[in-house]
Visitor: 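Handing you this structure, nothing more for now.
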Amino acid sequence: MIEPHYRAQDIETRWQQRWNESGAFVAENQGDSPYYVLEMFPYPSGKIHMGHVRNYSIGDAVARFLRRRGHQILHPIGWDAFGMPAENAAIKNNSHPGTWTYANIKDMRSQFKRLGLSYDWDRELATCHPGYFRWEQKIFLEMLDKGIAFRSQQRVNWCVECATVLANEQVNDGACWRCDEVVEQRDLEAWSIRITDYAQDLLDDLDSLSDWPDAVRAMQRNWIGRSVGARIALPVSGADDLDPIEVFTTRPDTFMGCTFMSLAPEHPMVMELAARGGVSQEVGEFVAEMGRADRSARGDGAEKRGVFTGMYADHPLLGRKIPIYVANFVLMDYGTGAVMAVPAHDQRDFEFAQKYGLDIAPVIQPHGEDQALDAATMEAARPEAGVLINSGPFDGLDNEEAKRVLAAKLSEIGCGGATINFRLRDWGVSRQRYWGAPIPIIYCDSCGVSPVPDADLPVTLPEDAEMTGEGSPLANHPTWKHVPCPSCGTPAVRETDTFDTFWQSSWYFLRYCSPRFEEGPFDPEAVARWMPVDHYIGGIEHACMHLLYARFFMKALADLGYEVPREPFKRLTTQGMVIKDGAKMSKSKGNVVDPTSIIERYGADTARLFILFAAPPEKELEWNDNGVEGAYRFLRRVHRLGEAAAALGEEALPTDLSEADQVLRRSTHKMLRKVTHDLENGFHFNTAIAAIMEHLNAVTAAGVGGESKVHAGVARESMEMVAHALFPFAPHLADELHEMLGASQDLMRTPWPEHDEAACEESSVTIVVQVMGKLRGKIEVAPDADKETILSAAKAEPSVARHLEGKTLIKEIVVPGRLVNFVAR
RNA sequence: GCUGGAGUGGCGGAAUUGGUAGACGCACCGGAUUCAAAAUCCGGCGUUGGAGACAACGUGUGGGUUCGAGUCCCACCUCCAGUACCA
């Protein structure tokens with residue numbers, strides 16, 4: 001490639017050095033109103049991919065634009081450095097996860113720097129550093145003290161062969177990914193977080209997040225899944241030694257029509273009931289089968305299947321026994337894992353009842369239906385509203401009223417009552433892995449569970465743990481876990497589980513505010529100044545988990561007495577994936593494009609410009625090599641025209657503008673107006689860049705770079721504004737161009753320019769003329785032309801007149817400055 | 001299965017939120033420049049019919065509302081993301 005003028009590598013290296021030397025990105029250096037721009041920090045996998053380039057180019061454009069709009073910007077970066085891939089790499093290479101992680105951070109840091117991203121590198125952090133995780137160990141202990149953290153049973157995938165817990169993604173078709181042995185479900189003692197206590201808060205505060213995408217708010221709302229209903233405890237008939245079976249229902253009004261019960265196969269009482277019912281084998285087989293079945297076999301759409309446990313429950317209001325079944329469609333992780341079945345009014349129960357010949361008892365007569373419901377003739381369940389029938393003392397009640405009345409009755413007789421259920425589950429944070437932050441707990445035979453004393457924090461990882469893939473490396477370590485009990489001093493053992501990595505990513509944005517603070521997780525003053533994050537940018541895939549955990553953390557921290565806002569992220573942008581040939585880039589598909597090779601070949605400005613131009617941030621982005629070439633050509637043209645404009649000399653704008661001068665100035669200022677508008681109202685980078693390209697075509701048409709038809713001052717202004725407008729997207733070339741045209745100060749420190757509205761004014765507007773909604777002609781009129789003028793000009797248009805000939809005009813619609821429509825018959 | 005999205009030329013996308021469908025870029029075609037090529041510049045480019053003027057059709061599918069629908073409503077189809085131990 002022969003390119004005498006635009007040498008991207010040289011330009012980019014030079015400007016990166018200058019920015020670095022002048023501290024252009026240090027948060028404290030300029031502006032007043034603080035603004036915190038944050039992109040979701042990366043997992044240091046080793047190499048940057050196009051998703052990174054996209055995420056960080058978007059954030060950088062936001063940061064650079066707003067800094068020039070007068071904000072004091074905090075724009076930090078760090079590493080979400082704990083996690084399974086490091087441990088897997090260590091097993092494979094027989095090395096330490098930290099070695100791999102830190103080497104990756106080093107590589108990725110230099111790649112990020114090569115992109116020219118405007119980070120305040122002094123604030124860099126890595127979550128695997130004890131200086132970081134000691135604070136989240138402390139926060140955990142404070143949560144434990146407050147009862148937010150607690151011990152519970154967690155159901156996990158367990159591989160017997162490897163003696164280890166498997167992540168869902170490590171299970172392929174029910175088999176372990178390493179040894180192919182069948183995976184079983186096992187309950188482990190684990191640490192959990194009562195995020196469910198915050199479910200209502202998390203739901204309520206969603207309403208305040210007006211700068212979040214509606215899609216994310218809807219997903220969180222459904223994930224939290226609030227429903228109002230009743231809890232009902234049904235005693236097992238003739239088994240006084242067993243606890244009653246609890247169900248949750250949103251329809252207590254239908255309780256008088258409950259003819260059987262269904263339990264999830266995973267329900268803890270299933271095998272006990274089956275044993276007493278004498279059907280252990282059949283039930284056991286069914287439970288085992290369901291344990292292996294995938295989700296679709298358990299959903300609403302799947303065929304209803306089940307097995308009778310041989311046992312009955314006592315219906316407390318009917319005084320009758322109802323059979324207890326195990327059913328495929330009942331899910332253990334929603335409600336209580338058991339449902340009361342009302343086949344007349346619930347479709348799933350109806351199908352189940354039909355299949356197994358169970359009673360169907362209608363108890364609600366739908367509004368507006370004269371014929372009384374009859375179980376014998378019903379073809380489907382009738383879930384709609386109505387009036388209670390066949391319900392003894394409750395007959396005649398409206399069903400909404402009956403929900404309250406029945407809940408009160410259940411409460412009165414001591415077997416339930418009104419309640420609110422959330423789909424959200426408590427957050428299990430224990431992981432049986434090495435490369436994570438240790439959970440700071442000590443177990444003593446005599447004193448029980450003790451927190452690690454504050455003076456002993458952080459609890460760090462042993463360097464010499466063995467990574468074999470079998471068992472837990474910390475539990476297997478010969479000495480690490482053995483410590484004296486902090487209370488009695490007798491031999492005790494450490495907790496050998498580490499935190500879920502979401503634990504780290506739930507508060508890192510607070511640490512950035514004062515990353516080296518030694519007296520606590522963050523300096524309250526720094527947090528008061530920067531938090532909440534004004535604009536958070538990252539993938540949509542985090543909609544429910546990371547974004548919810550981070551929101552929860554803020555609320556919990558506030559309850560622990562920390563001064564933090566109740567919500568962490570004021571505005572959220574979720575960026576779409578980068579795909580190629582219609583599929584997500586992945587090694588297995590062989591469609592990966594390495595950003596490094598693009599940067600080496602064309603420069604960082606080209607890579608950034610293309611990725612921002614090719615699609616709006618929220619949408620999927622289809623990678624296209626030819627498009628990159630096009631972005632590069634555009635920047636090269638900018639460089640060439642900049643040189644040409646600079647060569648015309650440093651002339652000011654003339655007082656008298658020629659026609660050509662006015663045309664070019666109109667293009668210049670309309671471009672600037674459009675770019676400013678697109679960045680201020682929702683960051684439409686793609687259309688902003690298109691406007692710059694369009695303007696550059698006007699610069700070429702004005703003869704700049706050849707035989708110029710415009711005044712030197714107008715030509716120079718046209719390219720100066722390109723430098724300004726290009727800065728958020730292609731900052732290196734923008735600064736180069738700006739300097740080329742005589743500027744002595746870099747653009748980061750130069751305020752964003754205002755456009756000249758008067759220069760944008762048009763001498764006429766085009767109005768479209770339709771007849772019966774079909775385009776028949778166009779007219780040019782003065783921008784302030786009145787309705788009569790427009791109508792007569794429209795009727796005079798030959799093709800319009802032809803289509804109106806011989807017809808009666810019924811209606812004339814005039815949209816000023818835009819369109820005329822004649823309705824004629 | 002459930003929850004949330006998306007679908008517009010050969011391709012990526014645009015359309016001031018109900019008012020010219022296809023801005024801008026890519027690809028392609030033609031021309032200028034050149035000994036030639038590259039690069040650059042100029043022009044064309046939804047589909048069908050027509051020499052042309054022009055006409056009809058056209059935003060995943062099928063209906064509907066409206067003077068007017070990519071945009072609003074109803075019913076579907078396909079693809080994508082998440083689904084709680086990947087981060």
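Each chain gets a letter, A, B and so on, in the order the sequences are listed, and its residues count up from 1.
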Visitor: Take the protein atom NZ of A:Lys709 and the nucleotide atom P of B:rC42, then report the distance between them rounded to whole Å.
Guide: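 A:Lys709 atom NZ is separated from B:rC42 atom P by 9 Å.
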
Visitor: Can you check whether A:Asn686 has a side-chain N or O nearer than 4.0 Å to OP1 or OP2 of B:rA14?
Guide: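 A:Asn686 to B:rA14 OP1/OP2: side-chain N or O found under 4.0 Å.
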
Visitor: Within this structure, what is the CH2-to-C1' distance between A:Trp212 and B:rG5, rounded to whole angstrom?
Guide: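 Whole-Å distance recorded here is 17 Å.
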
Visitor: Assign A:Val823 to base, sugar-phosphate, or nothing according to its heavy-atom contacts below 4.0 angstrom with the strands shown.
Guide: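 Sugar-phosphate, no base atom in range.
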
Visitor: Within this structure, what is the CD1-to-C1' distance between A:Ile579 and B:rA6, rounded to whole angstrom?
Guide: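 The distance from CD1 of A:Ile579 to C1' of B:rA6 comes to 10 Å, rounded to the nearest Å.
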
Visitor: Roughly how many Å is it from CZ in A:Arg636 to C1' in B:rC41, rounded to a whole number?
Guide: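 Nearest whole value for this atom pair: 14 Å.
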
Visitor: Looking at A:Lys674 and A:Glu694, does any basic side-chain N land under 4.0 Å from a carboxylate oxygen?
Guide: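 The answer is no: the pair does not qualify as a salt bridge.
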
Visitor: Protein within reach of the bases, or only the backbone? For nucleotides 82-87 of chain B, mark each nucleotide 5' to 3' as B, S or -, using heavy atoms under 4.0 Å.
Guide: SSBBBB

Visitor: Can you give me the dot-bracket string for RNA chain B, 5' to 3', counting Watson-Crick and G-U wobble pairs with both distances under 3.5 Å, using [ ] for crossing pairs and | for partners on another strand?
Guide: (((((((..(((......[....))).(((((.......))))).((((....))))..(((((..]....))))))))))))....

Visitor: Output the rounded distance in Å from CG (A:Leu819) to P (B:rG19).
Guide: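 So the CG-P distance, A:Leu819 to B:rG19, works out to 10 Å.
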
Visitor: Side chain of A:Arg640 only, please: which of B:rG12, B:rC41, B:rA15 is the nearest?
Guide: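 Out of B:rG12, B:rC41, B:rA15, the nucleotide with an atom closest to A:Arg640's side chain is B:rC41.
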
Visitor: Restricting to salt bridge (charged side-chain N to carboxylate O under 4.0 Å, His left out), what partner residues turn up for A:Glu707, sequence neighbours left out?
Guide: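 Here no residue qualifies.
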
Visitor: Protein-nucleotides 26-30 of chain B N/O pairs closer than 3.5 Å?
Guide:
| from | atom 1 | to | atom 2 | distance (Å) |
| --- | --- | --- | --- | --- |
| B:rC26 | OP1 | A:Arg633 | NH2 | 2.8 |
| B:rA27 | OP2 | A:Arg633 | NH2 | 3.3 |

Visitor: Kindly say if A:Asn697 contacts the phosphate of B:rG25, meaning a side-chain N or O under 4.0 Å from OP1 or OP2.
Guide: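 Answer yes for this pair, as a side-chain N or O of A:Asn697 is under 4.0 Å from OP1 or OP2.
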
Visitor: Starting from P on B:rG19, measure out to CD1 on A:Ile790 and report it in whole angstrom.
Guide: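 Taking atom P of B:rG19 as the reference, CD1 of A:Ile790 is at 17 Å.
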
Visitor: Report the distance from atom CD of A:Glu694 to atom P of B:rG22, rounded to the nearest whole Å.
Guide: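 For the pair A:Glu694 CD and B:rG22 P, the rounded distance is 13 Å.
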
Visitor: Would you please name every residue forming a salt bridge (charged side-chain N to carboxylate O under 4.0 Å, His left out) with A:Glu189, sequence neighbours left out?
Guide: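 Testing A:Glu189 for salt bridge (charged side-chain N to carboxylate O under 4.0 Å, His left out), a comparison that skips the adjacent residues, returns A:Arg151.
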
Visitor: Restricting both atoms to N or O, compile the protein contacts to nucleotides 54-58 of chain B shorter than 3.5 Å, with distance only.
Guide:
| from | atom 1 | to | atom 2 | distance (Å) |
| --- | --- | --- | --- | --- |
| B:rA55 | OP1 | A:Arg776 | NH1 | 3.2 |
| B:rA55 | OP1 | A:His803 | NE2 | 3.4 |
| B:rC57 | OP2 | A:Lys774 | NZ | 3.3 |

Visitor: Whole-Å distance between B:rG18 P and A:Gln770 CD?
Guide: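 Atom-to-atom, A:Gln770 to B:rG18, this comes out as 16 Å.
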
Visitor: Would you say the ring centers of A:Trp191 and A:Trp503 fall short of 6.0 Å from each other?
Guide: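 No, the ring centres sit 6.0 Å or more apart.
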
Visitor: Measuring only the C1' atom in each nucleotide, how far is B:rG30 from B:rC67? A whole number of Å is fine.
Guide: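 Those two atoms are separated by 42 Å.
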
Visitor: Return the 5'-most residue of the pair A:Met772, A:Phe613 with respect to RNA chain B, ranking by each residue's nearest nucleotide.
Guide: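 Result: A:Phe613.
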
